[in-house]
Structure formats: C-alpha cells, structure tokens
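First the structure, in the form of structure tokens, and then the observations on it.
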Amino acid sequence: MTLNQLSEGQSGTIHALDTVNNALVRQCGTLGLTPGASVQVLRRSRGNGPMQIKCAGTLYAIRADEAAQINITLV
C-alpha cells in the first residue's frame, strides 16, 4: 500500500521509498519521512491535489504523485 491510498484519519508506518528520484529521497530524509516513521493523513484535496500529513508532530503537504512512491504498512 502507498501513502496516497490512505483516507483522511488513517495512519501507517513508512516501509520504503519506491523511487529512483534521488531528490525525493533526500527531501523525504530531510523531513523525517524515512522507513520506520509513523505518518497520519489529515486532509486530502479533491482529485490529484496535495494531501496534508503529520509525521513526528510536524505537518507537511505532499503531492499525490510523490505520496504514491512511499510504501507504508497500516497501523
């Protein structure tokens, strides 16, 4: 399952980043979106818009296409 498949209010643990995009890997690492981190979806935009997530007490906005590259396991 990927992060963009979660509904509002659902939580999960990041399992892996499924991308060869080094810029995205670096950005996620800087934000703490690394394997083992817990994330919760707070809000979703309609369609393919960004989503608001919470990780380690900090709120982030992430694009749906980037969230689709973050593999998670449900909590």
Side-chain angles (χ1 to χ4, degrees):
M1 174 173 262
T2 59
L3 182 57
N4 72 323
Q5 294 174 319
L6 292 182
S7 300
E8 288 184 10
Q10 281 190 301
S11 298
T13 302
I14 296 175
H15 177 67
L17 299 175
D18 188 21
T19 182
V20 293
N21 182 344
N22 289 330
L24 178 60
V25 171
R26 279 192 307 274
Q27 180 184 13
C28 286
T30 300
L31 299 176
L33 300 173
T34 56
S38 295
V39 294
Q40 179 183 16
V41 176
L42 300 177
R43 292 183 184 89
R44 297 182 59 95
S45 296
R46 290 189 176 138
N48 246 1
M51 55 195 304
Q52 184 183 39
I53 62 172
K54 183 177 180 180
C55 180
T58 305
L59 304 180
Y60 299 106
I62 185 169
R63 294 180 186 106
D65 62 329
E66 292 173 345
Q69 299 174 52
I70 300 175
N71 294 324
I72 60 148
T73 53
L74 289 177
V75 174

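Keep in mind the model is a prediction, meaning the values are calculated, not measured.
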Throw together a table of side-chain donor-acceptor distances under 3.5 angstrom for residues 7-17, partners on residues two or more places apart or in other chains.
unit_1	atom_1	unit_2	atom_2	d
Glu8	OE2	Arg44	N	3.1
Gln10	OE1	Ser7	N	2.7

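- Within the 4.5 Å cutoff, side-chain heavy atoms of Gln52 are placed close to those of Leu59.
- Both Tyr60 and Leu6 are members of a single hydrophobic cluster when ILVMFWY side chains are connected at heavy-atom separations under 4.5 Å.
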With a 3.5 Å cut-off and sequence neighbours excluded, list the donor-acceptor pairs that the side chains of residues 64-75 form with protein atoms.
unit_1	atom_1	unit_2	atom_2	d
Glu66	OE2	Arg63	NH1	3.0
Gln69	OE1	Thr19	OG1	2.6
Gln69	NE2	Asp65	O	3.2

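- Closest of all the heavy-atom pairs between Gly32 and Ala37 is O-CB, 3.4 Å.
- In this structure, Ser45 and Pro50 approach most closely via the heavy-atom pair OG-O, 2.9 Å.
- The side chain to side chain contact (heavy atoms under 4.5 Å, CB included) test with Leu33 singles out one residue from Leu24, Val25, Leu3, Val39, and that residue is Val39.
- Atom-to-atom distance recorded for Asn22:CG and Gln27:CD is 13.0 Å, nearest 0.5 angstrom.
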